[in-house]
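Here's the structure, in structure tokens; my notes come after.
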Amino acid sequence: GEKNMKKVLIMLVSAVMLFSMTACSSKKSEEIQEPGIENSEEKASVSSEVPQKTDGYEYGVTEDGYTIITNLDTSKDVTLTMAGWEGGPSETDNLNRALELFSEYYPNIKVEYTPSADSGEGHHGKIMTMFAADSAPDVFYCGSSYVHNFADRGIIYDITDIFNEAFSLDDYIPAALQCMQYNGRLYGITSCNVGPQLYYNKDLFDAAGVEYPSPDPGKAWTWDEFIDAASKLTVKDENGKVKQYGFYGLEDSELLTAYFNQFDMKYISDDGKEFIATDDPNFKKIFENIKALRTEYGISPQAAFTESAGMNNVQMLLTGMVAMFVEGSWGMEETAESGVNFGVAPLPVMDGGHSATWGQAHIHSIAANTKHFDEAWALLCFLGSDEYQLNMVREGLWTPNKTSCYEPDVIKTWLTDNHPDGYDKFIYYFKDYSSIAPQTVMGGEAQDIFTEECQAYFDGNEELDSVIQEMRSKIDGVYNGK
């Protein structure tokens with residue numbers, strides 16, 4: 001107890017003082033309305049009053065950059081249960097290190113962490129089952145596309161009132177804030193941000209005499225410039241067979257939705273009953289443009305190309321099978337470790353759109369029926385600290401979720417050899433050109449339907465009009481509880 005508190009740089013800082021000190025910049029994110037909830041039920045009767053300490057929480061920041069509660073009662077031993085899912089090895093190591101450090105600051109709290117192999121329906125379905133049996137973990141990962149569902153069911157605590165004591169809403173980039181909010185209320189804290197970006201092999205560009213794309217998000221390639229570059233980077237052998245494709249990766253239902261944000265597309269009707277994205281003429285154009293890269297221009301292979309080649313994106317970039325690919329920012333750690341001479345750039349912009357991508361992350365949430373709220377809130381604050389995410393930002397696995405981490409002096413503290421040249425210019429793509437991932441707004445079950453219909457178009461060669469009609473009908477059915 002006392003020994004550990006000597007590590008605190010700011011002792012017994014009042015909530016108001018800490019709030020005023022928190023770095024504030026960037027515009028406030030617009031509040032978003034989430035769609036109708038699949039199989040929605042009336043919200044469980046959970047008290048809206050957070051069962052916090054009667055004398056209020058007081059916060060401090062440790063010398064290694066973690067937010068802690070300095071007046072937490074440490075006289076009783078408490079076991080906190082926590083559930084998440086397996087990330088990459090470095091992500092798992094980072095969490096384990098943080099939990100060990102947490103126990104140093106709170107020696108009376110033992111955290112039992114159980115990861116799942118599934119980050120989707122398996123994990124979230126298990127949480128719902130455990131909650132119904134009053135055995136849910138105290139703290140758990142909640143995927144951003146499940147937040148509205150869990151909030152409506154009363155499974156996760158509304159932490160809005162105490163969040164503002166420990167953190168500043170203004171310090172979160174729009175995409176991160178949107179992941180945490182539902183109907184203007186906060187149900188957890190993100191610890192990072194990730195989103196799609198363009199990767200390219202500089203050596204292949206040099207060999208073809210093609211100029212690198214600018215890392216500046218405001219100077220992204222136009223769609224025509226992108227096609228021109230990818231065409232020059234597509235190489236055939238003496239028999240006319242492609243041995244190097246110019247591009248790969250957009251026939252992916254998750255990644256292609258970044259283009260919805262390029263057109264500021266609205267996905268769900270105001271009443272939450274209809275998937276109105278299909279009414280936007282740009283919806284159809286996005287699908288047609290992406291498929292044309294393969295069928296019309298011959299510069300991109302089918303989505304199943306990685307399986308037939310027996311390689312992932314990074315291996316194909318390294319071996320020269322593709323010159324560029326689109327992948328989430330989470331792929332940068334592996335790309336850097338592969339040794340390939342690579343760069344990153346914003347996604348090319350389709351005609352009539354603007355430079356944009358999406359951002360998302362899971363949130364750490366507290367079960368509404370926890371019996372250890374004080375300790376659970378202490379853990380959320382700890383994992384919401386800058387230093388927790390910056391460990392993974394340095395690895396190249398995550399990007400920051402707070403605007404203060406995009407200040408030039410702070411960028412210098414996390415920029416490493418895992419980040420390619422020009423990354424200090426590129427990184428603003430996620431702060432200033434990113435909004436919430438469309439699939440997050442759509443919700444889990446609707447997202448599964450969307451993925452299935454995308455495959456029908458790209459892989460099954462079904463007519464786009466019929467695919468869109470089927471997609472709309474099925475997703476509307478989900479939103480109307482059919």
Heavy-atom side-chain proximity of Tyr388 to Leu95 below 4.5 angstrom: yes
Taking the side chain as every heavy atom from C-beta outward, state whether Ser434 and Ile173 have any atom pair closer than 4.5 Å. no
Heavy atoms, side chains only, cut-off 4.5 Å: are Ile189 and Ile159 in contact? yes
Audit row: Asn94, Glu395, side chain to side chain donor-acceptor pair (under 3.5 Å) steps and yes/no: CA-CA 10 Å; Asn94 186 50; Glu395 295 287 340; over 6 Å; no
Using a 4.5 Å cut-off on heavy atoms from C-beta on, say whether the side chain of Met321 contacts that of Phe305. yes
Check the orientation of His124 and Phe150. Use parallel for under 30°, tilted for 30 to 60°, and perpendicular for over 60°. perpendicular
Would you call the rings of Phe450 and Phe260 parallel, tilted or perpendicular if under 30° counts as parallel and over 60° as perpendicular? perpendicular
Apply side chain to side chain donor-acceptor pair (under 3.5 Å) to residues Asp73 and Ser75 and explain how you reach the verdict. CA-CA 6 Å; Asp73 180 4; Ser75 63; 2.6 Å; yes
Shortest non-hydrogen separation from Glu453 to Val467 and the atoms involved: O-CG1, 3.3 Å
Between Phe163 and Tyr172, is the ring centre distance below 6.0 Å? yes
Min side-chain heavy-atom separation Ser191-Trp398 under 4.5 Å: yes
Side chains of Ile427 and Trp414: closer than 4.5 Å at any heavy-atom pair? yes
Assess the residue pair Asp170 and Ser168 against the criterion (side chain to side chain donor-acceptor pair (under 3.5 Å)); give the C-alpha distance rounded to whole Å, side-chain angles, the decisive distance to 0.1 Å, and a yes or no. CA-CA 5 Å; Asp170 289 343; Ser168 170; 4.6 Å; no
Hey, can you tell me if Trp377 and Phe373 have their rings parallel, tilted or perpendicular (30° and 60° cut-offs)? parallel
Is the side chain of His362 donor-acceptor paired with the backbone N or O of Trp85 at a distance under 3.5 Å, no angle test? no
Can you name the closest pair of heavy atoms from Thr62 and Ile68 and give their distance? CG2-CG2, 3.7 Å
Going through the distances and angles, do Arg394 and Glu387 end up as a salt bridge (Lys or Arg N to Asp or Glu O under 4.0 Å)? CA-CA 10 Å; Arg394 294 182 187 107; Glu387 190 57 27; 3.1 Å; yes
Between Phe325 and Tyr199, does the ring centroid distance fall short of 6.0 Å? yes
Are Tyr259 and Phe263, when compared by the centres of their aromatic rings, separated by less than 6.0 Å? no
Give the intermediate values and the outcome of side-chain contact (heavy atoms from CB on, under 4.5 Å) for residues Val393 and Cys405. CA-CA 10 Å; Val393 173; Cys405 296; over 6 Å; no
Side chains of Asp374 and Tyr57 in contact at under 4.5 Å (non-hydrogen atoms): yes
Do Thr81 side-chain atoms and Asp138 backbone N/O form a donor-acceptor pair below 3.5 Å? yes
If only atom types and distance count, is the side chain of Ser473 paired as donor or acceptor with the main-chain N or O of Glu470 below 3.5 Å? no
Tell me which one of Leu72, Leu99, Asp77, Leu379 satisfies side chain to side chain contact (heavy atoms under 4.5 Å, CB included) with Ile109. Leu72
Parallel, tilted or perpendicular, as decided by the 30° and 60° cut-offs, for the rings of Phe102 and Phe382: perpendicular
Answer whether the closest heavy-atom distance between the side chains of Asn164 and Leu169 falls below 4.5 Å. yes
Quick check against the 3.5 Å criterion: does Glu375 have a side-chain atom that pairs as donor or acceptor with the backbone of Leu80? no
For the pair Lys291 and Asp459, evaluate salt bridge (Lys or Arg N to Asp or Glu O under 4.0 Å) and give the outcome as yes or no after the intermediate values. CA-CA 10 Å; Lys291 192 167 187 176; Asp459 302 335; over 6 Å; no
